[in-house]
*Asks:* 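Next up is a structure, given as structure tokens.
Bear in mind the structure is a predicted one, so any value in this text is a computation, not a measurement. We're numbering straight along the sequence, starting at 1. In each ligand, atom 1 is the first atom listed, and ligand 1 is the first ligand listed.
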Amino acid sequence: MTDGWDESAAAWIADMGEAGDYAREWVLDRPMLALCAGARRALDVGCGEGRFCRLLRARGTAATGIDPTAALLATARARDPEGDYRTGRAEALDFPDASFDRVISYLTLIDIPDLRGAVAEMARVLAPGGQLVIANLNPFLTAAAPEHRIRDASGAEHLRVDRYLEARAEWVGWRGIRIRNWHRPMQDYMAALLEQGLRLRHFAEPAPWGGDPERAARYRGAPWFHVMAWEKD
Ligand SMILES: C[S@@+](CC[C@H](N)C(=O)[O-])C[C@H]1O[C@@H](n2cnc3c(N)ncnc32)[C@H](O)[C@@H]1O
């Protein structure tokens, strides 16, 4: 079954532009780049159209991006012809053990069907002392499907969290994009990471630090994302 990424690629590329969407530009890039500072060799798992790899390469990190969606990879290569962008899936990484000092999952765990298999692969290709750097949607959000959100009389949107403990795939859509995302409770992510013997070195629910004030207020109301760094012994 398709996950919607091939069909949504053009709308995704348009939506991201060169700088990324609000959340990337004003919430997530800054902490994600800080966690990748000084990396020599990084793997961006689910690199999409390559934006974060380009940011890393501009900072001197040799970044490789993998992604299963051909149209996104084509854009990544067109925007960065010297870059290294390859077809691949998180669940079967085509790299030797201990190849990277950072492995990055930037809002991709929600897209990956086999979480435990993917995390095992990400841990395998990390060198000892290296870190798996993750940005993820907070599970209370993925448990509140957009079509079930409630608007009150003032127009304010409220989340209706439902079946939080039940992992499941659900279709979500916005601005011409329609993809299948996974909801999983936080404990499933933590269990998959702990199972690999990784150690949690950093955890944050980053606040917006600029951009359109209305958007920032929305992201301050509740943390949409968390950022983590897990180290391999
Ligand atoms: C929400 S996008 C994030 C893209 C990019 N990391 C970013 O933050 O802009 C999710 C990406 O995961 C990719 N993806 C879907 N299934 C995947 C899998 N099994 N393994 C790796 N990447 C996958 C999609 O093609 C898409 O590029």
Side-chain angles (χ1 to χ4, degrees), residues 1-33 35-36 42-57 61 63-77 79-80 83-95 100 102-125 132-138 141-142 146 169-184 192 206 224-228:
M1 186 172 86
T2 169
D3 59 8
W5 273 107
D6 285 327
E7 300 79 356
S8 299
W12 176 265
I13 291 162
D15 201 49
M16 284 295 123
E18 188 54 43
D21 58 4
Y22 177 88
R24 286 170 174 76
E25 188 175 6
W26 296 107
V27 185
L28 289 171
D29 279 355
R30 190 147 90 166
M32 289 296 281
L33 286 169
L35 291 169
C36 293
L43 177 67
D44 186 5
V45 176
C47 64
E49 82 296 351
R51 197 187 58 86
F52 197 65
C53 282
R54 292 193 294 281
L55 291 178
L56 290 174
R57 279 163 45 68
T61 298
T64 296
I66 67 118
D67 202 284
T69 307
L72 297 178
L73 277 182
T75 298
R77 291 179 183 130
R79 290 184 178 172
D80 180 15
D84 182 9
Y85 301 97
R86 309 183 194 185
T87 303
R89 288 190 172 274
E91 297 91 334
L93 295 173
D94 194 11
F95 301 94
F100 301 96
R102 292 292 188 292
V103 174
I104 296 142
S105 167
Y106 196 142
L107 297 183
T108 63
L109 291 181
I110 47 171
D111 292 272
I112 295 171
D114 177 5
L115 171 69
R116 289 173 70 200
V119 170
E121 276 293 87
M122 294 183 201
R124 180 184 66 75
V125 302
L132 171 53
V133 177
I134 294 170
N136 198 12
L137 268 176
N138 269 324
L141 266 178
T142 55
E170 278 181 341
W171 287 92
V172 292
W174 71 99
R175 297 191 289 275
I177 299 161
R178 189 162 184 278
I179 52 174
R180 199 178 52 146
N181 270 177
W182 283 86
H183 162 70
R184 300 177 179 100
W224 285 39
F225 310 100
H226 57 271
V227 165
M228 308 190 274

*Asks:* How far is atom 5 (C) of ligand 1 from the closest protein heavy atom, and which atom is that?
*Replies:*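 Going by distance alone, atom 5 (C) of ligand 1 is nearest to Gly46 O, 3.4 Å.
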*Asks:* Could you tell me the residue and atom name of the protein heavy atom closest to atom 27 (O) of ligand 1, and the distance to it rounded to 0.1 Å?
*Replies:*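 Scanning the protein heavy atoms, the shortest distance from atom 27 (O) of ligand 1 goes to Asp67 OD2, 2.6 Å.
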*Asks:* Using a 4.0 Å heavy-atom cut-off, say whether Glu91 meets ligand 1 through its side chain, its backbone, both or neither.
*Replies:*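 Side chain only; the backbone of Glu91 stays clear of ligand 1.
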*Asks:* For salt bridge (charged side-chain N to carboxylate O under 4.0 Å, His left out), just list the numbers for Arg89 and Asp114, CA-CA rounded to whole Å, side-chain angles, deciding distance to a tenth of an Å, and then say yes or no.
*Replies:* CA-CA 10 Å; Arg89 288 190 172 274; Asp114 177 5; over 6 Å; no
*Asks:* Counting heavy atoms only, name the option from Ala118, Pro68, Gly20, Ala23 that's nearest to atom 22 (N) of ligand 1.
*Replies:*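 Looking at heavy atoms only, Pro68 sits closest to atom 22 (N) of ligand 1.
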*Asks:* Among the heavy atoms of Arg89, does any lie under 4.0 Å from an atom of ligand 1?
*Replies:*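 Per 4.0 Å heavy-atom rule, Arg89 contacts ligand 1.
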*Asks:* Between ligand 1 and Asp44, is the shortest N or O to N or O distance under 3.5 Å?
*Replies:*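 No, no N or O pair falls under 3.5 Å.
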*Asks:* Would you please say whether a donor-acceptor pair under 3.5 Å links the side chains of Asp44 and Tyr85?
*Replies:*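 No.
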*Asks:* Ligand 1 and Ala90, any nitrogen or oxygen pair closer than 3.5 angstrom?
*Replies:*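 Yes, there is a polar N/O contact under 3.5 Å.
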*Asks:* Check the pair Phe52, Leu33 against side chain to side chain contact (heavy atoms under 4.5 Å, CB included), reporting the backbone distance first and the verdict last.
*Replies:* CA-CA 9 Å; Phe52 197 65; Leu33 286 169; 3.6 Å; yes
*Asks:* Can you tell me which portion of Trp5 lies within the under-4.0 Å heavy-atom range of ligand 1? Options are side chain, backbone, both, or neither.
*Replies:*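 Under 4.0 Å from ligand 1, Trp5 contributes side-chain atoms alone.
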*Asks:* Testing the 3.5 Å rule here: is there a donor-acceptor pair between the side chains of Trp5 and Asp67?
*Replies:*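 No pair is found: no donor N or O on one side chain lies under 3.5 Å from an acceptor on the other.
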*Asks:* Mind checking whether Phe52 contacts ligand 1 via backbone (N, CA, C, O), side chain (CB onward), both or neither, at a 4.0 Å heavy-atom cut-off?
*Replies:*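 It is neither; nothing of Phe52 touches ligand 1.
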*Asks:* For ligand 1, is there an N or O atom under 3.5 Å from any N or O atom of Thr108?
*Replies:*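 Min N/O separation from ligand 1 is not below 3.5 Å for Thr108.
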*Asks:* Do the side chains of Arg57 and Asp80 get close enough for a salt bridge, i.e. N-O under 4.0 angstrom?
*Replies:*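 Yes, this pair counts.
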*Asks:* How far is atom 16 (N) of ligand 1 from its nearest protein heavy atom, and which residue and atom is that?
*Replies:*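 Among all protein heavy atoms, the one nearest atom 16 (N) of ligand 1 is Asp111 O, 3.6 Å.
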